[in-house]
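Residues: numbered from 1 along the sequence shown. What you are looking at is a predicted structure, and each value in this text was computed from that prediction instead of being measured.
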Amino acid sequence: MKKKVLFAAMALVALASCSDETFVGDVTSAPQDNSPSESNAIVFASASNGVTRADIYGGEAAKLLGNFFYVMGTKGTEAATSPTPTKVFDNYLVQYSANTAGTTTSNTANWEYVGVNPGTAPAGYPKLSSITGAQTIKYWDYSTDQYDFFAFSTGKKTPVVGDPTSTVGTPTTGQIGVTSMNFGTSLAGGGTAYQFNIPDEESLKEVYITDITEVLKANYGKEVQLRFKNLGSKIRIALYETVPGYAVSGVKFYTVDAADVPSDLETAANKTDEATLISTSSIPTSGTIVVSFPHVGVNNSPEATGAGNSEKADYNKASVDVTAGSTSVTFHGFGELTANYSAGENVLSGSNSYLGRTLPTATFAGSAAAQYYTTVFPVSSSSALTLRVDYTLTATDGSGETINIYGAKASVPANYTKWRPNYAYTYIFKISDATNGWTTTDATADNAGLYPITFDAVVAEATDATAEQTTVTTVSTPSITTYQQGHTKATNEYSTANSHDIYVQVMNTAASPATLIGGLSATNSLVYELSDADATEAKVLDALVMRTTAVSADNVTGRNGLGLTKMTSTIDNTVTSIINGVDDNPITGLTSGTVGKIAIATLTATKSYAYVYIQQAKEHEYNQLEPVAVTVGQKINGTDASHKYYPLLTTVVRDATAVPTGGEAPSELYVYFSVTTNGTGTPTYSYISPLGKTLIPEGCKKVLKTTITEATPVTGDDNADSGTFYFDKYILNDGKYAVKVIKIVSGS
């Protein structure tokens, strides 16, 4: 499940004044009798908002900004499509110096701009303004309606400016290229406010920007705050597993989305220990960032009527557009998985490390000191992100048995890969027993998935030494992602307490690139209540594929005993928006049929449900007779409602048709038996499962299913006889399904 969290690494800048004065201007000497009082000077203070949202003031805040920032400030009457038009602070450089508060009129909180002469003093900070000479003091002007302010800082990196045409500077080590800030009508319609040239992600961590803050006349005498926010986005990745009976270790990540052929995946050289997300579009690791304000001013145009720009959600908000540099890539690493994260359950002792086994104990990649976050460039548009991994399953029974999985794949829809500045995103992936990877590297293999081993025993005239272990579960490639607003990792999995509906999207991970599946409908996008609250995805798939109820029936009873009750009026597959999208903000404009909404009010706490996407309707269905182990004298039929017994005498098998010379492909019309003599000359007949076989050997016996009829109880019961096979009938469905189990908890 993809979780996106607001990352509030911001700084505050306060601009304060007192009294009601009408004079404003540049002064280069001490105020004269007709000058405003000292208390009306515009002064600066700062604070920074940390990850925990506890404000950091003074010197600590100044450290984040590298002890400086550039500010653009304007005044006047706001135009219809732009901020105020008259420059007051023209790219002024404001500096922090400890223990200097109160030493000048313009410095009350250790921040000073008067007398600063960028390009000369201090050294290393270029002049971005058009003024000549040193910066001068500024006073509030009560003859104007409002002021507008915005600012930026390059932190501990030195800003460098471009050529005289004010193009963005070209940085070297320890530098960030900048341009001067534009103002007024040049910002209308999303015009460029300023630009950065950032050479790497490490430098990106140092860049802070602000939105536009309006200061109306009524607030001239109050403190005004500009919030600095970090320009970078923060990403982290976590994995956990729910494979019954096994623990997961040895995870290897792919850096390319290789073809869906096991041998291609295994021979691919692009594997790494570092948690990696793959994209079909460029993921920038350097580049030029243009900052703009798409909606400023009061209205959309001078002739506009109705709601104007001030009514828009992004009014006066900074927007960024990234042009990737030459080092952009289509995959990105986020650090290695945390070492020694789990001891597993009764697994081998030693230095082995295993993935967390529940959502709250998910294993993160990266550095704990950084809260596992990696800073990345923000992107306004993107494609789906793919996670592709190899891993090892180790049995938790202490036997040490292992299974290697190759090429398991999951995807994050493009709706959730648009990274905004100063936001943090957490992508959590679950490895379940419904994996779509392979357990072999055979290039001809088509059995992608993890198949549970099940056992059937048949007792005939003698102990059946050739009874087989059969596989019954099929898996498919779609990746299902579910979202619930207010969902917390401390609950497993979803809660009725927050009253928010659950949204679901399905990715076709077999496509390259992976695509969001459309066409979700009432017939192929379903919700079932499960009779077993602890059922896994694989158990649900088993019930869907092998059932005792007709494929056309709404409710399903699986051969494994799991009951699936179809929920009516539970899911809406026609919605075009997700209420809890990026950072709990809505995502709108989605195509109908690409998202489903599960009404939380129709679900019950402590129960489990399954969202089922029918990737392909059944090709055909046929009766599958499966052997049932019984003992001689056992009561059948009337006393055992879980089975319908189909008896077959071994004498019938003896006289049945033999498989011809050379063998033949198995047919759904027959049941098959091998023949052995055990050295005594007396044949023993053993049932052969046709599942997974391409050839039935010659000499075997085959019996038409239509000749095997259900037993008719005598006075309500029959006793099981020796020399008889007993079968139960199931319906084998060849449809393809993708499943996500949704466990509902109460709690807050």
Undergrad: May I ask you to test the Trp140-Val215 pair for a side-chain heavy-atom distance under 4.5 Å?
TA: yes

Undergrad: Distance-only, no hydrogens or angles: does the Tyr92 side chain make a donor-acceptor pair with backbone N or O of Phe69 under 3.5 Å?
TA: no

Undergrad: For Asp273, which residues count as a salt bridge (Lys or Arg N to Asp or Glu O under 4.0 Å) partner, sequence neighbours excluded?
TA: Lys252

Undergrad: Any donor-acceptor pair under 3.5 Å linking the side chain of Tyr96 with the backbone of Leu65?
TA: no

Undergrad: Can you list the residues that meet the side chain to side chain contact (heavy atoms under 4.5 Å, CB included) rule with Ala188, with sequence neighbours excluded?
TA: Thr81, Ser82

Undergrad: Which pair of non-hydrogen atoms, one from Pro126 and one from Pro159, has the smallest distance, and what is that distance?
TA: CD-O, 3.2 Å

Undergrad: Which pair of heavy atoms, one from Ile209 and one from Ala318, lies closest together, and at what distance?
TA: CD1-CB, 4.0 Å

Undergrad: Can you see which heavy atom on Leu64 is nearest to which on Tyr208, and at what distance?
TA: O-CE1, 3.3 Å

Undergrad: Looking at Phe334, Tyr427, Phe364, which hits ring pair (Phe, Tyr, Trp, His ring centres under 6.0 Å) with Tyr372?
TA: Phe364

Undergrad: Any donor-acceptor pair under 3.5 Å linking the side chain of Thr86 with the backbone of Gly76?
TA: no

Undergrad: Can a side-chain donor-acceptor contact be found between Ser203 and Glu206 if the only test is distance below 3.5 angstrom?
TA: no

Undergrad: Who pairs with Phe196 by ring pair (Phe, Tyr, Trp, His ring centres under 6.0 Å), at least two apart in sequence or on another chain?
TA: Phe152, Tyr194

Undergrad: Mark yes or no for whether Glu336, through its side chain, and Gly366, through its backbone, hold a donor-acceptor pair below 3.5 Å.
TA: no

Undergrad: Which residues pass the side-chain hydrogen bond (donor to acceptor under 3.5 Å, both in side chains) test with Thr374, not counting sequence neighbours?
TA: none

Undergrad: Would you confirm whether Ser279, through its side chain, and Leu385, through its main-chain N or O, come within 3.5 Å as a donor-acceptor pair?
TA: no

Undergrad: Mind checking the CG-CD1 spacing from Asp200 to Ile176? Nearest 0.5 Å is all I need.
TA: 8.5 Å

Undergrad: About how many Å separate CZ of Arg236 and OG of Ser367, when rounded to the nearest 0.5 Å?
TA: 12.0 Å

Undergrad: Would you mind reporting whether Ile289 and Ile198 have side-chain heavy atoms less than 4.5 Å apart?
TA: yes

Undergrad: For a side-chain contact (heavy atoms from CB on, under 4.5 Å) check, start with the C-alpha distance between Tyr139 and Ile137, then their side-chain angles and the critical distance, and finish with the verdict.
TA: CA-CA 7 Å; Tyr139 293 91; Ile137 196 169; 3.5 Å; yes

Undergrad: Would you name the heavy atoms of Ile428 and Ala362 that are closest together and state the gap between them?
TA: CG2-CB, 4.5 Å

Undergrad: Which pair of heavy atoms, one from Ala134 and one from Gly115, lies closest together, and at what distance?
TA: CB-O, 3.7 Å

Undergrad: Passes side-chain contact (heavy atoms from CB on, under 4.5 Å), Val168 versus Asn197? Steps please.
TA: CA-CA 6 Å; Val168 64; Asn197 190 343; 3.6 Å; yes

Undergrad: Looking at every non-hydrogen atom in both residues, tell me the closest pair between Lys63 and Asn67 and how far apart they are.
TA: N-OD1, 4.0 Å

Undergrad: How many angstroms lie between atom CE of Met181 and atom CG of Leu187, to the nearest 0.5 angstrom?
TA: 11.0 Å

Undergrad: So does Pro378 get a backbone contact from the side chain of Arg420, meaning a donor-acceptor N/O pair under 3.5 Å?
TA: no

Undergrad: For a 4.5 angstrom cut-off between non-hydrogen side-chain atoms, does Thr213 reach Asp148?
TA: no

Undergrad: Would you please classify the geometry between the Tyr142 ring and the Tyr220 ring as parallel, tilted or perpendicular, with 30° and 60° separating the classes?
TA: perpendicular

Undergrad: Is any side-chain heavy atom of Leu93 closer than 4.5 Å to a side-chain heavy atom of Phe68?
TA: yes

Undergrad: Can we call the ring centroids of Phe150 and Phe293 under 6.0 Å apart?
TA: yes

Undergrad: I need the full list of side chain to side chain donor-acceptor pair (under 3.5 Å) pairs touching residues 114-126, with sequence neighbours left out, sorted by first then second residue.
TA: Asn117-Lys127

Undergrad: Please check if the side chain of Asn230 supplies one atom and the backbone of Lys205 the other of a donor-acceptor pair under 3.5 Å.
TA: yes

Undergrad: Counting neighbours of NZ on Lys156 that are heavy atoms of other residues, nucleotides or ligands and sit closer than 6.0 Å, is the number greater than 12?
TA: yes

Undergrad: I'd like to check the salt bridge (Lys or Arg N to Asp or Glu O under 4.0 Å) partners of Lys87; sequence neighbours left out, ordered by chain and number.
TA: Asp90

Undergrad: Regarding Asn110 and Ser97, is there a side-chain donor-to-acceptor distance under 3.5 Å anywhere?
TA: no

Undergrad: Report the residues that fulfil side chain to side chain contact (heavy atoms under 4.5 Å, CB included) with Thr255, sequence neighbours left out, ordered by chain and then residue number.
TA: Asn270, Thr272, Thr276, Phe331

Undergrad: Regarding Ser180 and Asn91, is there a side-chain donor-to-acceptor distance under 3.5 Å anywhere?
TA: no

Undergrad: Please enumerate all residues that pass ring pair (Phe, Tyr, Trp, His ring centres under 6.0 Å) together with Tyr315, with sequence neighbours excluded.
TA: none

Undergrad: Would you tell me whether Lys234 and Thr375 have side-chain atoms, one donor and one acceptor, within less than 3.5 Å of each other?
TA: yes

Undergrad: Do Val160 and Thr170 make a side-chain contact, defined as non-hydrogen atoms from C-beta onward lying under 4.5 Å apart?
TA: no

Undergrad: Would you indicate whether the side-chain heavy atoms of Tyr147 and Leu216 approach each other to under 4.5 Å?
TA: no

Undergrad: Run the salt bridge (Lys or Arg N to Asp or Glu O under 4.0 Å) test against Asp321 and tell me which residues pass, sequence neighbours left out.
TA: none

Undergrad: For the CD1 atom of Ile283 and the CH2 atom of Trp419, what is their distance to the nearest 0.5 Å?
TA: 5.0 Å

Undergrad: Without hydrogens or angle criteria, can the side chains of Thr327 and Ser286 be said to hold a donor-acceptor pair below 3.5 Å?
TA: yes

Undergrad: Run the side-chain contact (heavy atoms from CB on, under 4.5 Å) test on Tyr425 and Val376 for me, step by step, so that the C-alpha distance in whole Å, both residues' side-chain angles and the decisive distance to 0.1 Å come before the verdict.
TA: CA-CA 11 Å; Tyr425 302 88; Val376 298; over 6 Å; no

Undergrad: So Leu387 and Leu277, side-chain contact (heavy atoms from CB on, under 4.5 Å) or not? Walk me through it.
TA: CA-CA 5 Å; Leu387 180 85; Leu277 291 179; 4.2 Å; yes

Undergrad: Do Leu355 and Leu337 make a side-chain contact, defined as non-hydrogen atoms from C-beta onward lying under 4.5 Å apart?
TA: yes

Undergrad: Hey, are Lys229 and Asp211 close enough for a salt bridge, meaning a charged N less than 4.0 Å from a carboxylate O?
TA: yes

Undergrad: Could you list the residues that satisfy salt bridge (Lys or Arg N to Asp or Glu O under 4.0 Å) with Glu201, not counting sequence neighbours?
TA: none

Undergrad: Can you name the residues that form a side chain to side chain contact (heavy atoms under 4.5 Å, CB included) with Val290, not counting sequence neighbours?
TA: Thr192, Gln195

Undergrad: Do Lys138 and Tyr113 have side chains that approach each other closer than 4.5 Å (heavy atoms only, starting at C-beta)?
TA: yes

Undergrad: Which residues satisfy the side chain to side chain contact (heavy atoms under 4.5 Å, CB included) test with Pro284, sequence neighbours excluded?
TA: Val322, Ala324, Phe377, Val379

Undergrad: Going by atom types only, do Gln146 and Thr84 share a side-chain donor-acceptor pair under 3.5 Å?
TA: no

Undergrad: How long is the gap from NE2 on His332 to CD1 on Ile235, to the nearest 0.5 Å?
TA: 8.5 Å

Undergrad: Counting only N and O atoms by type, is there a donor-acceptor contact under 3.5 Å from the side chain of Glu112 to the main-chain atoms of Val114?
TA: yes

